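Structure record follows, encoded as structure tokens.
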Amino acid sequence: MMANTNLYHSLSLIVPEIVLAIVLLVLVLTDLIFHKDKKFIPYVALAGILITGYFVLNQFGEKGFAFQPALYTYGMVAVDPFGVFFKMIVVVATVFIIFFSFGSEEIIKIKDRIGEYYALIFGMVLGMFFMISASDLILIYLSMELMSLSSYVLSGFTKLRERNSEAALKYLLYGAISSGLMLFGISLIYGLTGSTNLYIINSLIQNPHINLFTLAFACLLIFAGIGYKISSAPFHFWTPDVYEGAPITITAFLSVASKAAGFALLIRFIRTTFVSYADANGMWQLINVFDWKTLLIAISILSMTLGNFSALWQNNMKRMLAYSSIAHAGYLLLGLVVLSNQGLLAVLIYFSVYLIMNLGAFLVVMLIANKIGSEDIHDYNGLGITSPFLGVSLAIFLVSLTGLPPTAGFIGKLYLFIALVDAKMIAVAVIALLNSVVSLYYYIRVLKHMFLTKPEKETQAIITSLPNTILVSVLVAAILIFGIYFSPLVDAAKSCLVILGM
Amino acid sequence: MIGFPILSLITFLPVLGMFLILFMKKEQPKSIKYLTLGITALQVILAVILLANYNYASGGIYEEKSFQFIEKFRWINISGISWIGNVKVDYFLGIDGLSMPMVLLTALISFIAAISSWTIEKSVKGYFALFLLLDAGMMGVFVSLDFFLFYIFWELMLLPMYFLIGIWGGPRKEYAAIKFFIYTLFGSVFILLVMIGLYFSATELMANGSRVHTFSLLALMNPANYSADGILSALNPNNLRLIAYIALFAGFAIKIPMFPFHTWLPDAHVEAPTPISVILAGVLLKMGTYGILRVSYPIFPDITRQLMWYIALFGMINIVYGALVALAQKDFKKLIAYSSISHMGYVLLGMASLTTIGLNGAIFQMFNHGTITAMLFLIVGVVYDRAHTRGLNDFGGLASQMPIYTGFVTVAFFAAIGLPSMSGFVSEVLVFIGAFGVSAIRVLTIISTLGILLGAGYMLWTLQRIFFGPLNEKWATLKDLDKREYAMFIPLTIIIIFLGVYPSGMLDIMNSSVNSLVNFVTNAL
């Protein structure tokens with residue numbers, strides 16, 4: 001009887017995940033049954049993700065563990081507002097990606113296989129959801145594999161270009177190695193502590209008899225696995241190639257959703273495993289076994305600097321945005337570096353903003369590529385004059401990525417620096433600020449090509465369809481509104497600061 | 001007082017104009033130009049209304065109640081039980097004797113620049129939309145009293161300026177535009193950092209008795225608002241106030257531009273179209289010195305006193321170095337650009353004196369430099385429009401060909417040299433008297449007087465090379481000024497001469513504020 005109520009309770013906590021799994025099955029089945037006319041499959045996917053979103057929102061405020069063994073205080077899946085926040089980021093990103101797919105020439109060309117495309121996307125989303133709430137190393141590994149395997153296939157899905165397969169293979173090889181490393185790290189931790197549950201590990205590693213060297217080694221190995229997912233340096237080598245080779249919709253999805261899931265996992269992993277308590281000022285007290293702070297500072301500065309400086313030389317827009325996303329992983333890590341609630345808040349705010357501006361930038365790049373068939377920056381010459389709507393929109397997204405007011409990107413950066421200054425990490429803040437000056441150069445370079453440089457040949461105006469125009473306008477409006485009035489954004493993020501087990 | 005929010009109106013009127021332009025057809029460039037002219041003319045009228053209702057006796061600077069035309073309400077208020085992430089930003093506008101001259105200057109120069117923009121023919125719609133956005137940003141900087149708001153306006157100008165130089169500029173416009181952008185952004189990230197540091201160091205007393213962190217400049221000026229553990233609090237023995245001051249100063253100094261951060265200016269000026277040069281020299285450079293007076297001085301009075309010698313030193317370097325480099329120029333516009341660097345040095349020198357006379361001189365010099373240099377750039381524009389060259393050695397004898405133009409040129413040149421009866425003379429004299437009276441910087445002041453000599457040298461030499469001597473036959477067809485150009489030159493000439501003869505017209509506006517600023521900075525702990 002006890003076990004039954006426990007199971008029922010657990011299942012009620014993972015309703016969004018169950019809905020995702022059902023939608024996935026429905027997608028596969030409809031694809032099989034209606035293989036003649038697949039026009040409505042995207043709508044099934046859209047409805048599925050919206051329903052999932054409803055159940056995620058429904059979970060807001062709930063705190064509890066699913067799959068909690070009897071006599072244990074902790075379970076495998078933690079449901080908390082922090083998780084809800086990141087799940088909503090993934091849901092919103094998925095909704096946009098489905099809309100993007102409606103308008104993408106690349107995806108329209110493969111309409112025969114559209115069912116698999118959406119099924120794989122749902123596989124990824126399911127993996128992400130579990131990554132976000134997993135509090136057990138086994139589940140962490142499984143969910144990461146679920147997400148990764150789907151994304152390997154998706155990145156080479158269209159098979160329209162040679163780069164496509166190159167991207168998929170590269171992604172797979174790097175992914176296989178990093179997940180192998182991570183698995184090794186997990187097994188080491190299990191060997192040291194005898195448990196895979198993060199909360200139990202937390203209480204066990206406070207015991208001073210543990211072998212610190214092995215533990216540090218295991219931490220590094222696990223970080224390698226997660227660092228690969230959030231594309232932070234030095235695990236970023238796959239990023240430019242995969243971003244360039246994959247279909248734009250998938251690139252955009254990887255750059256936002258899979259990064260979000262990776263960050264949520266990293267934050268929860270560090271917060272629940274290595275932090276003993278948060279003091280009155282919201283500063284997290286690390287257990288003195290592994291110096292996450294130094295590691296994260298180094299990784300963060302390396303990612304920012306490497307990403308920004310490499311982006312300076314890129315001529316392909318997707319590649320440029322890939323390096324920019326590496327740099328943004330660095331900025332986001334800064335929020336974690338301070339190991340405080342203030343920093344966590346900064347990460348949440350930055351992520352919501354990053355979601356909007358990065359999706360926006362990819363959307364415009366996609367719409368342009370649909371027409372001119374190129375992502376080369378030199379083909380953008382004069383585009384801002386002939387197609388002012390797309391030009392100005394892309395300009396706003398890029399300015400926001402730089403972090404200039406009055407755009408939402410500035411608010412994201414502002415909160416990051418507030419967290420850094422609050423933690424008295426001025427030197428790191430200065431490095432980050434100088435990095436954003438560097439980033440200005442390559443973002444503005446796009447504006448320069450669009451508005452300042454004269455095209456060699458006459459270019460035609462790019463006319464966007466009404467739905468795409470609305471989509472771009474919504475994203476632009478969000479960037480500008482949150483840039484000027486950011487209270488709702490911060491209030492929402494504030495209410496999601498709770499990570500279970502604090 | 002006035003019954004409507006006049007400062008919001010004067011700031012956001014151009015934004016309204018920008019939206020109107022965006023909805024206008026690009027086939028009607030004339031109506032877009034008239035609309036812009038109308039908006040800027042309205043701004044001038046509003047500025048005059050402000051002046052007419054302005055209370056000369058009110059000091060401002062650090063007291064909210066002695067500011068005028070105040071508009072204050074809560075803009076961002078994130079509050080919660082946990083203090084984390086709580087932010088309070090006020091929409092806080094107000095002016096005092098420091099900002100009143102700058103508001104007048106901004107309205108005037110924008111109006112003149114709008115007239116000067118009549119010759120723009122390439123993508124008129126985009127140009128005037130950006131022009132108005134730039135105008136709003138400049139005005140906003142001068143009227144905001146909340147650091148956050150100030151910073152938003154400060155950054156708001158960057159992008160329009162980038163495009164205005166980059167699209168409508170000369171042959172090396174792309175290089176000049178990005179150089180301007182990166183330089184100023186480099187400066188402003190330091191301003192941002194100091195802003196956040198100040199935010200965490202000080203709190204403001206709320207109506208309900210609680211204390212919350214604040215961006216309000218006035219609250220940040222009050223030493224009583226600082227907590228002992230703030231990194232920028234004077235009470236904290238390990239505070240970073242000196243470093244923060246230098247960072248903030250550097251951020252503002254790039255805009256002035258102060259040596260050694262000046263290298264973007266000649267490039268930007270040479271490549272920018274005439275009206276943008278006018279705005280750049282007339283208003284934008286003033287934001288640097290205004291920022292120092294509005295933010296650095298009253299928030300860090302202790303460090304200001306400590307570093308006044310260095311400020312004077314950089315002032316002197318600007319004056320002498322700018323003048324020497326100007327002497328070596330062969331391009332008319334570049335010469336004016338360097339003379340502008342030299343003239344901004346006087347502002348720095350006057351500010352460094354920390355005396356009422358010196359500071360009066362400095363702010364008056366800011367206004368005068370705005371009008372005189374704007375006129376000089378217009379002069380360059382006139383000759384460049386006709387001859388399509390700016391080489392100083394390509395001309396000669398233009399005085400006989402364009403006598404009226406030469407008349408205006410002479411007025412502007414003599415004003416720039418500092419001839420008595422012109423406004424430039426009064427401000428330079430005040431700066432020197434003020435600075436000379438302070439024994440610590442007396443030597444620097446004496447060296448700085450070289451600038452006047454050198455200034456007379458390059459100005460007169462230029463006058464001679466372009467306007468006197470035999471007429472270069474190539475230019476025998478050049479026409480004298482037309483009506484539109486009269487409309488630009490006459491108001492500026494009148495102001496330059498009027499303020500030269502009756503300087504109190506401007507000095508009275510700023511005097512009580514300067515007094516309270518000097519008192520505040522020299523007496524604060």
Side-chain angles (χ1 to χ4, degrees), chain A residues 281-282 340-346 348-349 384-385 388 392 395-396 399 402-407 410-411 413-415 417-422 424 426 429-430 432-441 444-445 447-449 451-453 483-491 493-495 497, chain B residues 22 26 74-87 89 122-123 125-126 148-149 151-156 158-159 162-163 165-169 173-174 177-178 181-190 192-201 213 229 231-232 240 243-244 247:
Chain A
N281 288 328
S340 70
N341 289 350
Q342 183 91 50
L344 180 60
L345 178 75
L348 298 190
I349 294 171
I385 311 288
V392 171
I396 289 172
V399 165
T402 320
L404 293 180
T407 58
F410 171 66
I411 305 306
K413 286 247 162 73
L414 177 77
Y415 270 89
F417 293 122
I418 282 183
L420 284 172
V421 172
D422 182 37
K424 302 203 169 42
I426 311 290
V430 170
L433 278 169
L434 292 181
N435 252 298
S436 68
V437 178
V438 174
S439 75
L440 172 77
Y441 185 81
I444 290 300
R445 202 167 146 246
L447 270 62
K448 186 191 101 174
H449 280 282
F451 294 99
L452 272 52
T453 316
I484 293 166
Y485 189 71
F486 50 93
S487 301
L489 191 65
V490 180
D491 281 331
K494 265 188 85 152
S495 61
L497 278 183
Chain B
L22 290 181
K26 62 170 168 246
R74 197 63 28 95
W75 166 28
I76 301 286
N77 189 19
I78 296 157
S79 53
I81 302 154
S82 92
W83 61 273
I84 287 162
N86 284 3
V87 164
V89 182
K122 180 177 165 189
S123 350
K125 198 170 148 178
F148 195 89
L149 196 61
Y151 187 79
I152 300 253
F153 281 124
W154 179 275
E155 298 266 281
L156 189 64
L158 294 182
L159 214 57
Y162 169 79
F163 283 119
I165 298 176
I167 300 182
W168 290 272
K173 56 192 182 180
E174 293 170 8
I178 191 72
F181 205 157
I182 289 192
Y183 252 100
T184 26
L185 187 70
F186 180 77
S188 53
V189 292
F190 287 108
L192 175 66
L193 202 58
V194 173
M195 179 175 103
I196 297 173
L198 285 169
Y199 170 78
F200 273 111
S201 305
H213 288 299
D229 58 345
I231 46 171
L232 296 183
L240 300 172
I243 296 171

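These numbers come from a predicted model, not from an experiment. Naming: A, B, ... by sequence-line order, numbering from 1 per chain.
With a 4.5 Å cut-off on non-hydrogen atoms, B:Ile243 does not touch chain A at all. Using a 4.5 Å cut-off between heavy atoms, B:Phe148 contacts chain A through its side chain alone, with no backbone atom that close. With a 4.5 Å cut-off on non-hydrogen atoms, A:Val399 touches chain B through its side chain but not through its backbone. Within the 4.5 angstrom heavy-atom criterion, only side-chain atoms of A:Tyr415, from C-beta onward, approach chain B. Residue A:Ser495 does not touch chain B at all, counting heavy-atom pairs closer than 4.5 Å. Both the backbone and the side chain of B:Ile152 have a heavy atom closer than 4.5 Å to some heavy atom of chain A. For chain A, no part of B:Trp154 is nearby; none of its heavy atoms comes within less than 4.5 Å.
Residues B:Leu185 and A:Leu404 have side chains in contact (heavy-atom distance under 4.5 Å, counting atoms from C-beta outward). Between B:Leu156 and A:Pro405 the shortest side-chain heavy-atom distance does not fall below 4.5 Å. Between A:Leu414 and B:Tyr151, the closest side-chain pair of non-hydrogen atoms is not below 4.5 Å. Looking at B:Phe190 and A:Leu434, their side chains come closer than 4.5 Å, going by heavy atoms from C-beta outward.
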Requested in this report: Starting from the C-alpha separation in whole Å, work towards a yes-or-no answer on side chain to side chain contact (heavy atoms under 4.5 Å, CB included) for B:Phe181 and A:Leu447.
Outcome: CA-CA 13 Å; B:Phe181 205 157; A:Leu447 270 62; over 6 Å; no
Report task. Report the C-alpha distance between A:Val490 and B:Val87 in whole Å, list the side-chain angles of each, state the deciding distance to 0.1 Å, and finish with yes or no for side chain to side chain contact (heavy atoms under 4.5 Å, CB included). Result -> CA-CA 9 Å; A:Val490 180; B:Val87 164; over 6 Å; no
Query raised in the report: After noting the C-alpha distance and the side-chain angles of A:Ser436 and B:Val189, does the key distance pass the side chain to side chain contact (heavy atoms under 4.5 Å, CB included) rule?
Result: CA-CA 9 Å; A:Ser436 68; B:Val189 292; 4.2 Å; yes
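A ring-centre distance under 6.0 Å is not found for A:Phe451 and B:Tyr162.
Ranked by heavy-atom pairs under 4.5 Å with chain A, the first of B:Ser188, B:Gly197, B:Gly166 is B:Gly166. Ranked by heavy-atom pairs shorter than 4.5 Å toward chain B, the options A:Ile426, A:Thr402, A:Val437 are led by A:Val437. Counting heavy-atom pairs under 4.5 Å between each of A:Asp491, A:Leu440, A:Leu345, A:Ile349 and chain B puts A:Leu440 at the top.
For the atom pair CD1 of A:Ile418 and CZ of B:Phe200, the computed distance is 5.5 Å after rounding to the nearest 0.5 Å. The line from NZ of A:Lys424 to CD1 of B:Ile231 is 6.5 Å long, rounded to the nearest 0.5 Å. A distance of 4.5 Å separates CD of B:Glu174 from OG1 of A:Thr453, quoted to the nearest 0.5 Å. In this structure, CD1 in A:Ile385 is found 7.0 Å from NZ in B:Lys122, a value given to the nearest 0.5 Å. If you take CZ on A:Phe486 and CD1 on B:Ile76, they are separated by 4.0 Å, rounding to the nearest 0.5 Å. Considering CD1 of B:Ile196 and CG of A:Leu433, their distance stands at 7.0 Å, rounded to 0.5 Å.
Formation of a donor-acceptor pair under 3.5 Å by the B:Trp75 side chain with backbone atoms of A:Ile484 is found in this model.
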